[in-house]
Amino acid sequence: MPKPIALCLEDLDAVEPSERYLRCVALVGRQPGLRLRADGSTSWQADQDVTCELWVSGDDRLILYRRSLEVEVGVSRAGRSLSPPCDKPVVLLDGDELAIGPRRWKLHV
């Protein structure tokens, strides 16, 4: 049975060192949990202005699920990048970088 995944989001554009890292958790399934808004900020269990969700799949993988095409979203890994399709899960790995609107995050699992 899958379990929530503890992770850290590193804000690559943070000005203050104290605001650079955000410790959080991705819940199992598409239940309301960790979400990214159109401005690239994070939210917890919110349903307004959500661009992407982060959650754990049934096979214990961290998933980025894009809900909206209104904001540009990118995932980068090892020099490659893609724009995730809407309403399709994308598997994320430790070290992946996310670009949500104007903000960039690095994922640490």
*Close side-chain approach of V28 and P4, heavy atoms under 4.5 Å*: yes

Same cluster (ILVMFWY, side-chain, under 4.5 Å), [X] and [Y]:
X   : Y    : result
L64 : I5   : yes
W44 : W105 : yes
V75 : W55  : no

*For the atom pair OG1 (T51) and CG (L69), what is the distance rounded to the nearest 0.5 Å?*
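It is 10.0 Å, given to the nearest 0.5 Å.
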
Suppose we screen for side chain to side chain contact (heavy atoms under 4.5 Å, CB included). Which residues come up paired with [X], at least two apart in sequence or across chains?
X    : result
P102 : none
C8   : Y21, H108
S76  : S81, E97
E16  : S18, E19

*Audit row: L54, I63, side-chain contact (heavy atoms from CB on, under 4.5 Å) steps and yes/no*: CA-CA 6 Å; L54 292 176; I63 299 295; over 6 Å; no

For residues 83-95, which side-chain donor-acceptor pairs fall under 3.5 Å, sequence neighbours excluded?
from	atom 1	to	atom 2	distance (Å)
S83	OG	R66	NH1	3.1
S83	OG	V73	O	3.3
D94	OD1	V109	N	2.8

*Apply side-chain contact (heavy atoms from CB on, under 4.5 Å) to L7 and V25, showing your working.*
CA-CA 6 Å; L7 55 107; V25 66; over 6 Å; no

*asked:* I need the full list of salt bridge (Lys or Arg N to Asp or Glu O under 4.0 Å) pairs touching residues 25-42, with sequence neighbours left out, sorted by first then second residue.
replied: R30-E53, R35-D47, R35-E53

*Name all pairs fulfilling the salt bridge (Lys or Arg N to Asp or Glu O under 4.0 Å) condition that reach into residues 100-109, sequence neighbours left out, sorted by first residue then second.*
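For residues 100-109: D11-R103, D13-R104.
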
*Set of side-chain hydrogen bond (donor to acceptor under 3.5 Å, both in side chains) partners for S68, sequence neighbours left out*: none

*For E10, enumerate each residue passing the salt bridge (Lys or Arg N to Asp or Glu O under 4.0 Å) test, keeping only those at least two apart in sequence or located in another chain.*
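E10 satisfies salt bridge (Lys or Arg N to Asp or Glu O under 4.0 Å) with R20 only.
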
*By salt bridge (Lys or Arg N to Asp or Glu O under 4.0 Å), which residues pair with R77, not counting sequence neighbours?*
D96

*asked:* With side-chain contact (heavy atoms from CB on, under 4.5 Å) as the criterion, how do L36 and T42 come out once you've worked through the C-alpha distance, each side chain's angles and the decisive distance to 0.1 Å?
replied: CA-CA 5 Å; L36 299 164; T42 60; 3.6 Å; yes

*For Q31, does the CD atom sit with more than 12 other heavy atoms under 6.0 Å from it, leaving out its own atoms?*
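Result for CD/Q31: enclosed.
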
_C24 versus L34, closest heavy-atom pair with distance_ =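 It is SG-CD2, 3.7 Å.
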
*Looking at D59, D60, L27, which one forms a side-chain contact (heavy atoms from CB on, under 4.5 Å) with P2?*
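Going through the options one by one, the only one that passes is D60.
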
